[in-house]
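Take a look at the structure below.
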Amino acid sequence: MAHVPASERRPQLVRAAIDLMTREGVAAGSTRAIAAELGVAQATVHYTFGTKKDLYRSVVEEVAAQFIDQVRAASPGDGPFGEQVRTLVHALWAAATGEEGRCVLLSEFSALAMRDPDVREIMLGLDRAIEGTATEMLTALAAAHRLTLAVPAREIAVHFLSGFDGLTARHLTGHSPGEPADPDTLRALDLLVATTVGLCLGTPAAVGRVA
């Protein structure tokens with residue numbers, strides 16, 4: 001390939017690594033394989049990413065950014081607060097379980113973090129970043145409704161994300177990316193929305209009701 005400035009090469013390599021790892025797993029993402037994916041010399045990968053930790057961090061951050069952008073692009077509509085929360089949650093679900101398989105990729109990194117301290121540091125940073133984004137979006141939505149949250153926004157975000165992570169893991173254990181969720185998982189997702197809205201309002205949310 002023709003010479004490409006490092007500022008352009010880095011995102012190209014990150015996209016190539018994501019595509020490769022999504023198809024074949026994180027373990028398949030060697031520098032040699034990533035170089036072949038893009039059609040460049042292996043040395044290019046080593047030059048662009050000084051360490052494997054740098055490469056992994058860039059991959060994880062890019063996948064997370066794709067999730068966040070997709071959710072931010074979803075319009076919550078003009079309905080009541082609870083319905084708007086539900087709309088955003090389902091947009092997050094679509095992003096997490098879509099056919100692109102990005103959530104499966106992050107799950108592999110989470111598993112790798114159990115035995116790799118560098119990956120553990122990366123995934124802890126990702127968790128804090130996602131918690132911060134969820135806190136920011138919830139705070140903005142509450143402000144738009146002139147609503148004073150009954151529980152601090154960050155605590156609500158941590159509660160919600162803990163449940164959401166469990167449901168995505170449940171779904172992906174028995175389904176391929178892009179497949180519809182089973183009724184029990186969808187019901188549990190709606191219950192998670194209802195309890196989250198209940199925390200926001202300071203009242204127990206009625207089962208199945210989020211308005």
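These figures come from a predicted structure and were not determined experimentally.
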Given side chains that start at C-beta, do those of [X] and [Y] come closer than 4.5 Å, heavy atoms only?
X	Y	answer
Thr97	Pro177	no
Leu105	Val26	yes
Thr31	Lys52	no
Met114	Val119	no
Phe164	Val193	no
Val89	Leu192	no

Show the nearest heavy-atom pair for residues [X] and [Y], with the distance to one decimal.
X	Y	value
Ala96	Cys103	O-CB, 2.6 Å
Gly29	Ile34	O-CD1, 3.6 Å
Ala181	Trp93	CB-CZ2, 3.9 Å

For residues [X] and [Y]: do they belong to one hydrophobic cluster (side chain heavy atoms under 4.5 Å, members Ile, Leu, Val, Met, Phe, Trp, Tyr)?
X	Y	answer
Tyr56	Val104	no
Ile156	Ile130	yes
Leu141	Phe67	yes
Leu106	Leu161	yes
Ile18	Ile68	no

Within this structure, what is the [atom1]-[atom2] distance for the pair [X] and [Y], rounded to the nearest 0.5 Å?
X	Y	atom1	atom2	result
Thr133	Leu138	OG1	CG	12.5 Å
Leu13	Leu20	CG	CG	11.5 Å
Asp19	Glu37	CG	CD	6.0 Å
Thr196	Phe160	OG1	CZ	6.0 Å
Arg15	Gln66	CZ	CD	9.5 Å
Leu167	Arg187	CG	CZ	13.0 Å

Exercise. Above 12 or not: heavy atoms from other molecules or residues under 6.0 Å from CG of Asp69?
Worked result: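 Atom CG in Asp69 is packed in, count exceeds 12.
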
For this session: Take atom CZ of Arg23 as the centre, draw a 6.0 Å sphere, and report whether it contains more than 12 heavy atoms from other residues, nucleotides or ligands.
Result: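 Buried by this count: over 12 neighbours within 6.0 Å.
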
Exercise. Is there a side chain to side chain contact (heavy atoms under 4.5 Å, CB included) between Arg170 and Asp184 once you walk through the steps?
Worked result: CA-CA 10 Å; Arg170 181 184 194 276; Asp184 286 343; 4.1 Å; yes

Go through the side-chain N and O atoms of [X] and [Y] and say whether any donor and acceptor fall under 3.5 Å apart.
X	Y	answer
Arg9	Thr44	no
Asp54	Thr51	no
Arg10	Thr48	no

Exercise. So, His175 side chain and His171 main chain: donor-acceptor pair closer than 3.5 Å or not?
Worked result: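 Checked: pair present.
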
Problem set entry | Side-chain donor/acceptor of Glu83 to backbone N/O of Pro80, under 3.5 Å |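 Side chain of Glu83 to backbone of Pro80, a donor-acceptor pair under 3.5 Å: no, none is there.
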
Problem set entry | Inter- and intrachain pairs under side-chain hydrogen bond (donor to acceptor under 3.5 Å, both in side chains), touching residues 109-127, at least two apart |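 As it turns out, the side-chain hydrogen bond (donor to acceptor under 3.5 Å, both in side chains) pairs with a partner in residues 109-127, which skip direct neighbours, are Lys53-Glu121.
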
Problem set entry | Hydrophobic cluster (4.5 angstrom, side-chain heavy atoms) - remaining members for Leu186 |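 Besides Leu186, the cluster holds no residue at all.
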
Exercise. Checking side chain to side chain contact (heavy atoms under 4.5 Å, CB included) for the pair Phe109/Val63: CA distance, chi angles, key distance, verdict?
Worked result: CA-CA 11 Å; Phe109 274 112; Val63 173; over 6 Å; no

Exercise. Would Val40 and Gln12 satisfy side chain to side chain contact (heavy atoms under 4.5 Å, CB included), going step by step from the backbone distance to the final call?
Worked result: CA-CA 11 Å; Val40 298; Gln12 289 176 351; over 6 Å; no

If you look only at distance, which donor and acceptor atoms sit under 3.5 Å apart when one is on a side chain in residues 145-154 and the other is two or more places apart or in another chain?
residue, atom, partner, partner atom, Å
His145, NE2, Gln84, OE1, 2.3
Arg154, NH2, Glu131, OE1, 3.3

